[in-house]
Amino acid sequence: MPENMERTPLLEIEGLKKYYPIEAGISKKKIGEVKAVDNVNLTIYKNEVLGVVGESGCGKTTLGRTVLRIIEPTDGKVKFHFDGKEIDFTALDKKELRQMRRHLQMIFQNPYTSLNPRMTIFDIVAEPMRLGGGFTEDEISERVKTLINKVGLEVKHLNRYPHAFSGGQRQRIGIARALVMDPQFVVADEAVSALDVSIQAQILNLLKELKDENNLTYMFIAHNLSVVEHVSDRVCVMYLGRVVEMAETEELFYHPKHPYTEALLSAIPVADPTVENNRIMLPGEVGNAANLPSGCCFHPRCKYACDECKEKIPELRELTPGHFAACHRIEDLKLDGIGELKVKNAAHS
């Protein structure tokens, strides 16, 4: 994190798990479980952007939804620091949860399915205020108009329906809906992945501007590492429901400590057709979360794996201040970050 950033915890995630039961037969007997999120521990600080990356199926979206209790966790705690108090978000009842939801919101991945096609844009953006209560219609109208202008749309658009808008415009509407209650924490789940590149840049710049204006904290879930590098203060790398590495963005991109992070960084495209792509090709497929490999869940695809990796789950430990990784062979390996990859690419050009 930048030196001038306030390191005050906003969310503390402790031992968070989300397991889905596997049932069989007429009696629905439980025969196993899918470990979508497995014992995640994170601290998210005020006014930072925490990027969460990994392959499809690694548990990124489930983590974001479980933190907000859109999906109920199987175990663990999410502590929310609010008004000088520490609130266990996972222990709130329905009434308390509704009162707290205004402070924690989500921007959904698909702008084509996250907006109700039967509601006008005004009603979509105003809905959280109406459900939260305590606002007059005049206050709701003023707030909605202000937000619509902030996200780059016009007030005259408010009586239209979602089908009248492009993907980028719909995502702006989703952002306005997430911010209308003036939240402190926002989960942005693949917020730009469904958009054209030019629109992606606009939405990213908009999110950054709104963060600075409103002192927002983001969990930014994405699979595009170039985007994550651009917007994030810290990056959390997930594999099969577990956090395998976490560090400040520049530190992680230039000095990765986990072999999986090294492979992800090597997949970042090089914008030069004359340069050879030194991509690390991982063998096999992402493991099965219903039948996790023994020991380190990454060992079947890791070229550095040893016998210990196959038998013992590595602990996520702090190697240098703020840099955590879960690998038995950290001290033995010197992995390539994007700096080394650029040097190698330059040598091939």
Side-chain angles (χ1 to χ4, degrees), residues 9-44 50-82 86-101 103-109 185-190 217 219-223 236-246 260 285-300 312-317 324 326:
L10 180 69
L11 283 178
E12 292 184 87
I13 302 168
E14 299 179 356
L16 194 65
K17 299 178 181 179
K18 179 58 187 177
Y19 296 171
Y20 292 97
I22 301 173
E23 300 172 334
I26 299 175
S27 62
K28 300 291 184 181
K29 181 182 178 181
K30 180 179 175 181
I31 59 172
E33 52 192 8
V34 176
K35 297 181 178 180
V37 174
D38 191 16
N39 197 32
V40 169
N41 295 278
L42 288 173
T43 298
I44 303 174
L50 177 69
V52 181
V53 301
E55 293 171 278
S56 296
C58 73
K60 306 185 299 292
T61 294
T62 306
L63 174 63
R65 290 176 177 240
T66 306
V67 166
L68 298 184
R69 283 186 63 185
I70 295 173
I71 298 172
E72 289 294 333
T74 303
D75 195 11
K77 293 182 178 181
V78 178
K79 296 179 180 178
F80 179 42
H81 294 265
F82 175 69
E86 183 181 274
I87 299 170
D88 185 355
F89 195 65
T90 48
L92 301 180
D93 60 29
K94 288 185 178 180
K95 183 178 179 181
E96 293 169 328
L97 184 60
R98 171 170 283 197
Q99 293 173 344
M100 291 302 300
R101 279 212 184 278
H103 304 295
L104 300 95
Q105 292 290 323
M106 186 163 191
I107 301 169
F108 295 92
Q109 177 177 357
F185 177 69
V186 177
V187 174
D189 181 18
E190 302 276 12
T217 301
M219 176 186 281
F220 190 87
I221 297 169
H223 61 266
C236 167
V237 182
M238 292 188 68
Y239 187 78
L240 283 181
R242 298 173 184 169
V243 175
V244 297
E245 187 165 4
M246 182 170 59
Y260 181 59
E285 301 290 332
V286 179
N288 184 356
N291 185 23
L292 292 174
S294 61
C296 174
C297 56
F298 184 62
H299 87 258
K312 184 180 176 183
I313 298 175
E315 180 184 344
L316 186 69
R317 51 197 174 99
F324 299 80

Scan for salt bridge (Lys or Arg N to Asp or Glu O under 4.0 Å) pairs involving residues 52-65, sequence neighbours excluded, and state none if there are none.
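Every salt bridge (Lys or Arg N to Asp or Glu O under 4.0 Å) pair that includes a residue of residues 52-65, provided the two are not neighbours, is Glu55-Arg301.
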
Sort and list the pairs that fulfil salt bridge (Lys or Arg N to Asp or Glu O under 4.0 Å) and have at least one residue in residues 17-30, not counting sequence neighbours.
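Qualifying pairs: Lys30-Glu33.
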
Rounded at 0.5 Å granularity, tell me how far [atom1] in [X] sits from [atom2] in [Y].
| X | Y | atom1 | atom2 | result |
| --- | --- | --- | --- | --- |
| Leu16 | Glu14 | CG | CD | 10.0 Å |
| Thr61 | Gln109 | OG1 | CD | 6.0 Å |
| Ile13 | Lys77 | CD1 | NZ | 14.5 Å |
| Leu50 | Met246 | CG | CE | 7.5 Å |

Could you list the residues that satisfy side chain to side chain donor-acceptor pair (under 3.5 Å) with [X], not counting sequence neighbours?
| X | value |
| --- | --- |
| His103 | none |
| Thr90 | Asp88 |
| His299 | none |
| Glu285 | none |

Closest non-hydrogen atom pair between [X] and [Y], with its separation:
| X | Y | answer |
| --- | --- | --- |
| Asp93 | Glu96 | OD1-N, 2.8 Å |
| Asn39 | Gly15 | OD1-CA, 3.2 Å |
| Val243 | Ala326 | O-CB, 4.2 Å |
| Ala290 | Ile22 | CB-CD1, 3.6 Å |

Test Leu292 against Asp38 for side chain to side chain contact (heavy atoms under 4.5 Å, CB included), laying out the working first.
CA-CA 11 Å; Leu292 292 174; Asp38 191 16; 4.1 Å; yes

Taking Thr62 for the side chain and Val37 for the main chain, is one N or O donor matched with an acceptor at less than 3.5 Å?
no

Sub-4.5 Å side-chain heavy-atom contact between Phe89 and Met100
yes

Does Phe220 reach the side chain of Val186, with side-chain heavy atoms less than 4.5 Å apart?
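In short, these two side chains do not touch, never coming nearer than 4.5 Å.
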
Counterpart residues, side-chain contact (heavy atoms from CB on, under 4.5 Å), relative to [X] (two or more places apart):
| X | value |
| --- | --- |
| Lys94 | none |
| Glu86 | Glu12, Lys79, His81 |
| Phe185 | Leu10, Leu11, Ile44, Val67, Leu68, Leu104, Val187, Thr217, Met219 |
| Cys297 | Tyr239, Leu240, Arg242, Pro293 |

Sorted by first residue and then second, give each ring-ring contact (aromatic ring centres under 6.0 Å, His included) pair with at least one member in residues 60-80; sequence neighbours left out.
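Sorted pair list: Phe80-Phe82.
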
So, using salt bridge (Lys or Arg N to Asp or Glu O under 4.0 Å) as the criterion, who are the partners of Arg98 when residues are at least two apart?
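Salt bridge (Lys or Arg N to Asp or Glu O under 4.0 Å) check on Arg98 returns nothing, list empty.
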
Which of these passes side chain to side chain contact (heavy atoms under 4.5 Å, CB included) with Cys236: Ile221, Val244, Leu42?
Leu42

